[in-house]
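Contents: one structure, followed by commentary.
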Protein chains: 2
Amino acid sequence: MAERKYLMRKRAEGFDATRERIVEATAALHYEQGVAATSYVQIAERAGVGAATVYRHFPTLGSLVLACGAHVNEEMQPPLRENAPAVFAGLGTRQQRLERLVAELDAFYGRGAAWLGIAARDRDNVPELDAFLRQVDAGVEALVREAIGAGSPEAEIRLMTALADVSVWRSLKRLNVAPAEFRRTMVGLLDCASGLAA
Amino acid sequence: MAERKYLMRKRAEGFDATRERIVEATAALHYEQGVAATSYVQIAERAGVGAATVYRHFPTLGSLVLACGAHVNEEMQPPLRENAPAVFAGLGTRQQRLERLVAELDAFYGRGAAWLGIAARDRDNVPELDAFLRQVDAGVEALVREAIGAGSPEAEIRLMTALADVSVWRSLKRLNVAPAEFRRTMVGLLDCASGLAA
DNA sequence: TATTTCACGAAATAGTTCTCTCGTCAATAG
DNA sequence: CTATTGACGAGAGAACTATTTCGTGAAATA
């Protein structure tokens, strides 16, 4: 019953490695089959551990999604509210800023559209996914706001944000046009939208 | 072993009634929870019938989805290729035709966007859903084609069809603007898009 | 070395889902 | 009335899933 100091540095390494394997297996399975469709046993098998181990590390689906989300976040690098100003630094004309906005969105959606679709599928059943998607939306809106100037009428900002949504990007992407023309079209649409909202 | 003529009129009525109850229960559950998330037992319970009965009527998920789809089809009244010309009969100017197109799409998506979302969720796992959605897309494209004239450049048609997609409609609908203004905006976007594709 | 701690996974429990078999019973026909 | 048909549902069986318990063994400490 004596109080000992257990540091367990070496053991902690093994612990972290196991955790990492679980997170990676989860990410892969969620990517392949969706979040709700993935079971603990599948995760355990793919990670090469017992089901109980998965439970010990992540007692709830939410905690698993959260850890997995941190992993995915690095891959996607979603736009963040606080970074929005830096994105448009030094760009004077409206045209330049719109082009920058589209380039930024295109790059982001190129990295993350698949994951966004996966998260959207189960956002109603998994609060963590919903929270994540809200954050992404907020980041996109901040980009739009910064691009056209915070003083713009609210209706204009909202309309452009709607057009900046990943669902619109996805629909246009299906056209399979060259990247440069794709971005030109997006810029044109946003430009036009800002006139429509007036 | 004699050959008898069994007409079974009265019995067939009961059979059809049971079938109808199953289809209705299925539609309700698919609407509430999605297709893949709905089990045979749930359907049986809601229909007030044994699970085996559901199986006898619909041995595969596909056949169930198909029957359910016929039911939903009447509710949605999706645009059909062959009806496209009639929709624009007597409309001369381009503006009029675009307005008609938007009105048609808005009404259709108003009726069917929820179902389209449900079908889209599981289209990868259920071929029948995929086929249904392809048909809908074809109908929308036919509408667009008819609205701006079959002679228009393919790039223009494709771009406008992409903007006529339900995902774009949904994104704009989230803005919660008045119906008249909503349609005005859609028309403006499509009009602008036709210029961009040139 | 002796003792304590704790991550791990096999296995148990409990609850679902899918799918089929089979006996029942009302409708049909002679 | 008697024989036949076929729709129905209880329930069986196999395959999963979620979740926990517990013994083992390696690591940490003294």
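Just so it is clear, the values below take in all heavy atoms, side chains as well, and ignore hydrogens, waters and symmetry mates. Note on naming: letters A, B, ... go to the chains in the order of the sequence lines (proteins, then strands), and numbering restarts at 1 for each one.
Shown for residues 24-32 of chain A: no residue has heavy atoms falling under 4.0 angstrom of DNA chain D.
Atom C1' of nucleotide D:dA10 and atom CD of B:E45 are separated by 14 Å, given to the nearest angstrom. Between the CD atom of A:E13 and the C1' atom of C:dC6 there is a distance of 16 Å, rounded to whole Å. Put simply, CZ on A:F15 is 16 Å from C1' on D:dA28, counting in whole angstrom units.
For residues 125-153 of chain B, no pair satisfies ring-ring contact (aromatic ring centres under 6.0 Å, His included), with sequence neighbours left out. Identified under the side chain to side chain donor-acceptor pair (under 3.5 Å) test for residues 130-142 of chain B, with sequence neighbours left out: B:R123-B:D130, B:D130-B:R134, B:E141-B:R145.
Salt bridge status for A:R174 with B:D165: present, with a side-chain N to carboxylate O gap under 4.0 Å. In summary, A:R158 and A:E154 do not engage in a salt bridge, as defined by a charged side-chain N under 4.0 Å from a carboxylate O.
When the side-chain nitrogen and oxygen atoms of A:T53 are compared with OP1 and OP2 of C:dG9, one or more of them lie within a distance under 4.0 Å. In this model, the phosphate group of D:dA7 is not approached by any side-chain N or O of B:H57 to a distance below 4.0 Å at OP1 or OP2. Distances shorter than 4.0 Å separate none of the side-chain N or O atoms of A:T18 from OP1 or OP2 on C:dA7.
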Per-nucleotide protein contact string for nucleotides 13-24 of chain D, where B marks a base within reach and S marks sugar-phosphate only (heavy atoms under 4.0 Å, - for neither): ----SSBBB---
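Of the options A:V65, A:L64, A:T38, a side-chain contact (heavy atoms from CB on, under 4.5 Å) to A:T26 is made by A:L64 and by none of the others.
For the salt bridge (Lys or Arg N to Asp or Glu O under 4.0 Å) test, no residue two or more places apart in sequence or in another chain qualifies with B:R111. Remark: B:D106 pairs with B:K173, B:R183 by the salt bridge (Lys or Arg N to Asp or Glu O under 4.0 Å) rule, at least two apart or across chains.
Using a 4.5 Å cut-off on side-chain heavy atoms (C-beta onward), B:V140 and B:P79 make contact.
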